[in-house]
Amino acid sequence: MTISCNYYDILLHQGQTYFLSISYSDENNNLVDLRGTTYRADMQVRRSPLVKEMLLYLSSDGYPNGSTGGGITGQFLGTTADPGVTGTGGITLNYGGETGELRLEIDYVTTGNIPPGRHFYDIGVKNKVTNTVAKIMTGTIEVLDEVTR
């Protein structure tokens with residue numbers, strides 16, 4: 001299955017709960033049934049594609065606690081020594097019972113700790129049976145500083 005990676009820029013305000021819905025289809029424009037037993041989706045956000053530290057990690061495996069941020073430091077490695085801070089949200093597959101729908105959800109506490117600036121992200125969908133990953137979306141995420149304290 002050949003999937004093209006779409007480019008999409010996200011504008012995010014610190015301290016807001018954020019949702020994004022994505023439709024995932026194959027090369028024939030047929031929606032892909034994203035059953036959790038067969039598929040997993042992940043999103044990583046970094047200051048640059050070249051750095052190890054993440055600012056945000058979302059997963060479908062951990063939903064509704066599949067959102068991880070850096071806490072007050074803003075960044076984390078995702079290792080045992082630096083696991084990050086678990087928040088609420090993550091990625092829901094076949095959201096609302098709709099085949100091929102992914103829904104990203106990030107709670108306001110986690111978005112409140114993402115440093116302002118332009119960062120980079122990508123979203124991958126892994127087929128657990130074939131052990132293949134399709135990058136379905138990439139882009140920048142512009143985080144605007146929160147005014148309300």
Side-chain angles (χ1 to χ4, degrees), residues 1-71 74-79 82-144:
M1 177 184 332
T2 304
I3 303 295
S4 61
C5 185
N6 293 298
Y7 189 88
Y8 181 75
D9 290 329
I10 296 172
L11 181 63
L12 176 75
H13 295 269
Q14 277 184 326
Q16 81 175 58
T17 300
Y18 183 78
F19 302 97
L20 177 66
S21 294
I22 303 166
S23 292
Y24 178 54
S25 56
D26 64 18
E27 67 272 10
N28 297 316
N29 210 28
N30 297 315
L31 293 170
V32 176
D33 189 356
L34 298 169
R35 294 182 192 152
T37 55
T38 306
Y39 290 94
R40 183 184 88 215
D42 298 291
M43 175 186 188
Q44 293 186 7
V45 177
R46 300 175 193 275
R47 291 183 190 268
S48 160
L50 305 175
V51 300
K52 292 181 182 179
E53 299 85 6
M54 288 183 279
L55 302 174
L56 177 67
Y57 173 73
L58 299 180
S59 174
S60 61
D61 281 352
Y63 189 86
N65 297 308
S67 173
T68 305
Q75 60 189 27
F76 63 103
L77 289 171
T79 63
D82 188 11
V85 178
T86 301
T88 58
I91 302 174
T92 306
L93 302 178
N94 286 343
Y95 177 70
E98 296 293 324
T99 299
E101 290 297 311
L102 291 92
R103 184 173 191 233
L104 281 60
E105 180 182 337
I106 314 166
D107 67 283
Y108 71 94
V109 174
T110 302
T111 67
N113 288 316
I114 301 173
R118 181 168 296 187
H119 312 300
F120 299 85
Y121 80 91
D122 64 17
I123 300 170
V125 174
K126 179 179 182 178
N127 182 319
K128 297 177 186 179
V129 175
T130 63
N131 207 29
T132 57
V133 176
K135 293 290 180 194
I136 63 167
M137 190 174 290
T138 188
T140 62
I141 179 167
E142 181 79 24
V143 180
L144 302 176

Which heavy atom in Ala41 sits nearest to a heavy atom in Leu93, and how many Å separate them?
-> CB-CD2, 3.8 Å
Smallest separation among heavy atoms of Gly71 and Val85, with atom names = CA-CG2, 3.7 Å
If you take all heavy atoms of Tyr121 and Thr140, which pair is closest and at what distance?
-> CE2-O, 3.6 Å
Salt bridge (charged side-chain N to carboxylate O under 4.0 Å, His left out) with Lys52: which residues, sequence neighbours excluded?
-> none
When rounded to the nearest 0.5 Å, the distance separating CG of Leu12 from CG of Leu20 is 11.0 Å
Are any non-hydrogen side-chain atoms of Leu56 and Ser67 less than 4.5 angstrom apart?
-> yes
May I ask you to say whether Asp9 pairs ionically with Arg118, meaning some side-chain N is under 4.0 Å from a carboxylate O?
-> no
Taking atom types as modelled, find out whether Asn30 and Ser25 have a side-chain donor-acceptor pair closer than 3.5 angstrom.
-> no
Atom pair CD/OG of Glu98 and Ser23 - distance to nearest 0.5 Å | 9.0 Å
Tell me, with the steps shown, if Asn113 and Leu55 meet side chain to side chain contact (heavy atoms under 4.5 Å, CB included).
-> CA-CA 9 Å; Asn113 288 316; Leu55 302 174; over 6 Å; no
Under 3.5 Å, side chain of Asn94 to main-chain N/O of Gly100, donor-acceptor pair present?
-> yes
Residues forming a side chain to side chain contact (heavy atoms under 4.5 Å, CB included) with Phe19, sequence neighbours excluded | Thr17, Arg103, Glu105
Run the numbers on Asp61 and Lys128 for salt bridge (Lys or Arg N to Asp or Glu O under 4.0 Å), then give the verdict.
-> CA-CA 12 Å; Asp61 281 352; Lys128 297 177 186 179; 3.5 Å; yes
Examine distances only and state if a side-chain atom of Thr92 and a backbone atom of Tyr95 form a donor-acceptor pair shorter than 3.5 Å.
-> no
Taking every non-hydrogen atom, the tightest pair across Ala134 and Tyr24 | CB-OH, 3.8 Å
Pairs touching residues 28-37 that satisfy salt bridge (Lys or Arg N to Asp or Glu O under 4.0 Å), sequence neighbours left out | Asp33-Arg35
Between atom OG1 of Thr110 and atom CG of Leu58, what is the distance when rounded to the nearest 0.5 Å?
-> 8.5 Å
Rounded to the nearest 0.5 Å, how far apart are CD1 of Ile141 and CZ of Phe120?
-> 12.0 Å
CG of Asp122 to SG of Cys5, rounded to nearest 0.5 Å, is 7.0 Å
Verify, without hydrogens or angle tests, whether Ser59 (side chain) and Gly66 (backbone) share a donor-acceptor contact under 3.5 angstrom.
-> no
When rounded to the nearest 0.5 Å, the distance separating CE of Met43 from CD1 of Ile22 is 7.5 Å
Indicate yes or no for a side-chain donor-acceptor contact from Asp82 to the backbone of Phe76 under 3.5 Å, with no hydrogens or angles considered.
-> no
Under 3.5 Å, side chain of Thr88 to main-chain N/O of Pro64, donor-acceptor pair present?
-> no
Intermediate values then yes/no, side chain to side chain contact (heavy atoms under 4.5 Å, CB included), Tyr108 and Gln16 | CA-CA 5 Å; Tyr108 71 94; Gln16 81 175 58; 5.7 Å; no
Verify the neighbour count for atom CG of Asn29: are there more than 12 heavy atoms of other residues, nucleotides or ligands below 6.0 Å?
-> no
Test log, rule side chain to side chain contact (heavy atoms under 4.5 Å, CB included), inputs Thr138 and Ile123 = CA-CA 6 Å; Thr138 188; Ile123 300 170; over 6 Å; no
Could you check if a side-chain atom of Arg47 sits within less than 4.5 angstrom of a side-chain atom of Gln75, using non-hydrogen atoms only?
-> yes
May I have the step-by-step check of side chain to side chain contact (heavy atoms under 4.5 Å, CB included) for Val143 and Gln14, ending in yes or no?
-> CA-CA 6 Å; Val143 180; Gln14 277 184 326; 3.6 Å; yes
